Amino acid sequence: MSDTYGFRLLGEDLLSGFGAVGEGMSMQLTGDKRRIMWLAHEGPPKNFTGVDVSDPHRPKVIAQTDMPHGKVRSNSLEVCGDLLAVAYQTVEPGMTPAGIELFDISVPESPRSISFFDCSGPYSRGVHCLWFVDGRTIHFAGGAADFQPHDQKDDQIYRILDVADPARPHEIGRWWMPGTRVGDDAPRPERLPIDSGFRAHNTNVYPDRPDRAYVGYLDGGAFVLDIADMGNPRLVSAWNPHPPYPGFTHTVLPLFSRDLLIVSDECVRDDGKDWPKLTWVVDARRETNLVPIATLPLPAVEEYGPRGGRYGSHNLHENRPGEVSFKSDTLIFGTYFNGGLRVHDLSNPLQPKEVAAFVPPAPAGSRVPAVQINDVFVDENMLVYAGERQTGGLYILEPTF
């Protein structure tokens, strides 16, 4: 099987020499109908970049901002209308800025800061990932000044932020895995051999089920929460394949019409050292009894592991609400680091089939000898935008399958 098939490359952009794309990709449709792809960076010196992709053959950087210092990153961002939310995470707890900044991007060339929600504290590294799709509420994985974990790796919990007035954001709810906070009655969780922590990652909430949050909690697995009362989130169900599998549950993507969850476990070690890192298909017909029924097929680790860098599951196109996002309960677009971008057909959820892959050469200047496709966004026209973690920047693809 060819490394790349089912895609045609339309355009690419190295982001003015700062091509390290994090896991924040979100598209803005401007008042004058331009399409701006906003990208978070994997690390400093850049904060975020705006790329005009109105002509997918000729993407053009129109805005690029800097981090205030070299020990903070803006790994995640989301756009709602002309409002951009950016997550800030520091290298060490107790540092600043650690939180969420809101920007007015009505003039995309000149992002204007509106407010900053501070999540810094003695045990907090700030915010790793956020979800913002309704223009009113940000769901995020972040620390807090008043949250003390037993283990520093467990510092980021699920928090809910009201931004109906973007100039005055305020917290309205939070939840954490029982046993991870100092003072919890629940027993502390057993650490895994590769200890990535018991903390929140993706915190997805959809208009289809506004009373549910689908939370990846790294070594804690997948959680479904009842957030009908956002001030008091309640556990509905949990599913955790690790142990025996290595941890780091990243994304929990519900396919509502299919009663399925797609759950990805992120690869975090180079050269296949934490294999297998899989994307699971979970039967959710009975919400309180989640049952794994398949994994998305991947090429052998013996082939891809030695290529360099990471190989295994990571991000998914998350069927983000909005007029410029592709939505499907059958086609799953995912990124697999040196395994590139891959598309799976879930027509038969018991036997998923790969239908396309994009694995470009390693970009110039990368620290590893293979590409590291990090994140993916698919627009309503089914154009695919893939971000590279090292130096490769943005690829724009047209499916041919």
Side-chain angles (χ1 to χ4, degrees), residues 13 15 20-31 33-42 46-54 56 59-65 73-89 100-109 111-114 127-141 161 163 166 201-207 250-251 253 314-327 333-335 341 373-389 393-397:
D13 195 291
L15 310 181
V21 177
E23 48 187 351
M25 303 181 70
S26 196
M27 182 175 285
Q28 174 194 17
L29 185 62
T30 66
K33 303 305 180 184
R34 288 183 294 159
R35 290 171 178 258
I36 312 301
M37 175 58 70
W38 294 94
L39 302 167
H41 285 270
E42 178 60 26
K46 296 304 177 184
N47 183 351
F48 58 84
T49 296
V51 184
D52 189 329
V53 294
S54 304
K60 179 183 178 182
V61 171
I62 61 166
Q64 193 167 67
T65 63
R73 63 190 290 214
S74 58
N75 178 68
S76 175
L77 58 74
E78 290 274 17
V79 170
C80 264
D82 290 335
L83 194 61
L84 169 67
V86 181
Y88 296 126
Q89 176 177 291
I100 294 173
E101 189 167 11
L102 295 173
F103 292 86
D104 179 339
I105 53 171
S106 55
V107 180
E109 291 81 359
R112 179 179 63 84
S113 179
I114 301 172
V127 179
H128 184 72
C129 196
L130 59 81
W131 176 262
F132 179 41
V133 300
D134 65 0
R136 303 183 305 275
T137 313
I138 296 176
H139 304 263
F140 69 98
L161 193 64
V163 294
H201 200 284
N202 281 28
T203 54
N204 294 16
V205 178
Y206 293 84
H250 184 286
T251 302
L253 168 63
H314 190 203
N315 273 300
L316 303 170
H317 173 69
E318 297 167 280
N319 286 345
R320 188 187 186 280
E323 61 179 321
V324 292
S325 176
F326 177 73
K327 302 168 189 68
F333 293 75
T335 61
L341 166 73
I373 299 296
N374 208 35
D375 200 2
V376 58
F377 180 91
V378 187
D379 74 14
E380 84 282 16
N381 300 312
M382 214 171 162
L383 291 184
V384 180
Y385 305 81
E388 207 275 337
R389 186 182 181 92
L394 178 67
Y395 303 89
I396 305 176
L397 310 168

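Being a predicted model, the structure only gives us computed values, none of them experimental. All residue numbers in this chain count up from 1 along the given sequence.
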Mind listing the closest non-hydrogen atom pair of R35 and V324 along with its distance?
NH1-CG1, 4.0 Å
If we only count heavy atoms from C-beta on, is the H139 to L130 side-chain gap below 4.5 Å?
no
Using a 4.5 Å cut-off on heavy atoms from C-beta on, say whether the side chain of H128 contacts that of R73.
yes
With a cut-off of 6.0 Å (strictly less than), are more than 12 heavy atoms of other residues, nucleotides or ligands near CD of E323?
no
Side chain to side chain donor-acceptor pair (under 3.5 Å) with Q64: which residues, sequence neighbours excluded?
T49
H314 and its side-chain hydrogen bond (donor to acceptor under 3.5 Å, both in side chains) partner, picked from T251, N374, D375:
N374
For the CD atom of E78 and the CG atom of D134, what is their distance to the nearest 0.5 Å?
11.0 Å
Verdict with reasoning, L383 to V53, per side chain to side chain contact (heavy atoms under 4.5 Å, CB included):
CA-CA 11 Å; L383 291 184; V53 294; over 6 Å; no
Could you tell me if the side chain of V21 sits less than 4.5 Å from the side chain of R389, heavy atoms only?
no
Main-chain N/O of G322 paired with K327 side-chain donor or acceptor, under 3.5 Å
yes
What's the shortest heavy-atom distance between D52 and R34, and which atoms?
OD2-CD, 3.4 Å
Can you list everything that forms a side-chain contact (heavy atoms from CB on, under 4.5 Å) with V133? Sequence neighbours excluded, please.
W131, R320, P321
Atom pair OG1/NZ of T65 and K46 - distance to nearest 0.5 Å:
8.0 Å
Given side chains that start at C-beta, do those of M25 and L394 come closer than 4.5 Å, heavy atoms only?
yes
Looking only at non-hydrogen atoms, find the nearest pair between N319 and Y206 and report the distance.
O-CE2, 3.6 Å
Mind listing the closest non-hydrogen atom pair of A40 and S76 along with its distance?
CB-N, 3.8 Å
Check whether D379 reaches the backbone of N381 with its side chain - one donor and one acceptor, N or O, closer than 3.5 Å.
yes
Heavy atoms only: give me the nearest G334-L316 pair and the separation to one decimal.
CA-CD2, 4.1 Å
Could you walk me through whether Y395 and E388 pass the side chain to side chain donor-acceptor pair (under 3.5 Å) check?
CA-CA 8 Å; Y395 303 89; E388 207 275 337; 5.7 Å; no
For residues N202 and E318, is any side-chain donor paired with an opposing acceptor at under 3.5 Å?
yes
Give, for atom CD1 of I100 and atom CG of L77, the distance between the pair rounded to the nearest 0.5 Å.
11.5 Å
What salt bridge (Lys or Arg N to Asp or Glu O under 4.0 Å) pairs are there with at least one residue in residues 20-30, not counting sequence neighbours?
none
Taking atom CG of N47 and atom OH of Y88, what is their separation to the nearest 0.5 Å?
4.0 Å
If I compare all heavy atoms of V163 with all of T137, which pair ends up nearest, and what's the gap?
CG2-N, 4.0 Å
Rounded to the nearest 0.5 Å, how far apart are CG of L84 and OG of S106?
11.5 Å
Would you please test F48 and H41 for ring-ring contact (aromatic ring centres under 6.0 Å, His included) and show each step?
CA-CA 6 Å; F48 58 84; H41 285 270; 8.7 Å; no
Relative to the ring of F377, is the ring of Y385 parallel (under 30°), tilted (30 to 60°) or perpendicular (over 60°)?
tilted
Taking the six-membered ring for Trp, are F333 and H317 parallel (under 30°), tilted (30 to 60°) or perpendicular (over 60°)?
perpendicular
Just how far is it from atom CG of D13 to atom CD1 of I396, taken to the nearest 0.5 Å?
8.0 Å
